[in-house]
Amino acid sequence: MSRSDALEILSRLRGELDGGRGLFSKKPDLPLCVELCDKLAKILPEEMNDAEYVKHKRKEILANADIVAKNTIRAAEEKANNLVSESEVVRGSQTAANRIIESAYAKCDNLIIRTKAHLDNLFKETESFLLSTLAVVRTNREELRAALTDSRKDD
């Protein structure tokens, strides 16, 4: 049984004992009250034993926590020392990474310029095609107008 069980038993016991007030009150059920007290008596030693165990183990728990903390600090110091020794490698890697990034930017700029030139060429070819198509349409309209004008004269 747990602490919540003990609190539930106390609540039931209080309810039974408080129910006896007032003009039409009922008498507390004494056998129930005795039963609840017995249950509570069984639970409390368990809780007390648990508390006593934690109290006795407190020094051991604190000692273990201290050992873990010291080990953690030692591991962190070792890691810091390794990181310091690796800092030269990191600096060299950083320099190489910067060169790679600059090269990538240069290639990207070159690709953008080539793409713009290609698009300009495509637009030029499309413009030429559309101008020649427009010239054909204009010629056909002029021929159509001339044919319309000739057919009105014949009428």
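Because only heavy atoms are used, hydrogens play no part in the values below, and waters and symmetry mates are left out as well, while side chains stay in.
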Q: About how many Å separate CD of Glu35 and CZ of Arg12, when rounded to the nearest 0.5 Å?
A: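 Going from CZ on Arg12 over to CD on Glu35, the span is 7.0 Å.
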Q: Which atom names give the shortest non-hydrogen contact between Ile9 and Leu36, and what distance separates them?
A: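 Nearest heavy atoms, Ile9 then Leu36: CG2-O, 3.3 Å.
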Q: Tell me if a side-chain donor or acceptor on Ser11 pairs with a main-chain N or O of Leu7 at a distance below 3.5 Å.
A: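 No, because the side chain of Ser11 does not come within donor-acceptor range (under 3.5 Å) of the backbone of Leu7.
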Q: Can I get a per-line list of side-chain donor-acceptor pairs under 3.5 Å for residues 73-82, giving both atom names and the distance, sequence neighbours left out?
A:
| from | atom 1 | to | atom 2 | distance (Å) |
| --- | --- | --- | --- | --- |
| Arg74 | NH2 | Asn71 | OD1 | 2.5 |
| Asn81 | ND2 | Glu77 | O | 3.4 |

Q: Could you list the donor-acceptor pairs under 3.5 angstrom formed between side-chain atoms of residues 98-119 and any protein atom two or more places apart in sequence or on another chain?
A:
| from | atom 1 | to | atom 2 | distance (Å) |
| --- | --- | --- | --- | --- |
| Asn98 | ND2 | Gln94 | O | 3.4 |
| Thr115 | OG1 | Leu111 | O | 2.7 |

Q: Starting at CG of Asn121, measure out to OG1 of Thr126 and round the result to the nearest 0.5 Å.
A: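 Separation between the atoms: 9.0 Å.
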Q: Any chance you could measure Leu40, atom CG, to Asp5, atom CG, to the nearest 0.5 Å?
A: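 With rounding to 0.5 Å, CG (Leu40) is 10.5 Å from CG (Asp5).
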Q: For a quick test of your reading: what N or O donor-acceptor pairs under 3.5 Å do the side chains of residues 128-138 make, sequence neighbours left out?
A:
| from | atom 1 | to | atom 2 | distance (Å) |
| --- | --- | --- | --- | --- |
| Ser128 | OG | Lys124 | O | 3.2 |
| Ser132 | OG | Ser128 | O | 3.4 |
| Ser132 | OG | Phe129 | O | 2.8 |
| Thr133 | OG1 | Phe129 | O | 2.8 |

Q: Looking at residues at least two apart in the chain, or sitting in another chain, which of them share a salt bridge (Lys or Arg N to Asp or Glu O under 4.0 Å) with Asp66?
A: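 Once residues adjacent in sequence are excluded, the partners of Asp66 under the salt bridge (Lys or Arg N to Asp or Glu O under 4.0 Å) criterion are Lys70.
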Q: So, using side-chain hydrogen bond (donor to acceptor under 3.5 Å, both in side chains) as the criterion, who are the partners of Arg91 when residues are at least two apart?
A: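 Glu88.
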Q: Find the distance between CG (Leu17) and CG (Asp29) and round it off to the nearest 0.5 Å.
A: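 It comes to 10.5 Å.
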Q: How would you list, by chain and number, every residue that makes a salt bridge (Lys or Arg N to Asp or Glu O under 4.0 Å) with Lys57, sequence neighbours excluded?
A: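 Scan of Lys57 (salt bridge (Lys or Arg N to Asp or Glu O under 4.0 Å), adjacent residues dropped) gives Glu60.
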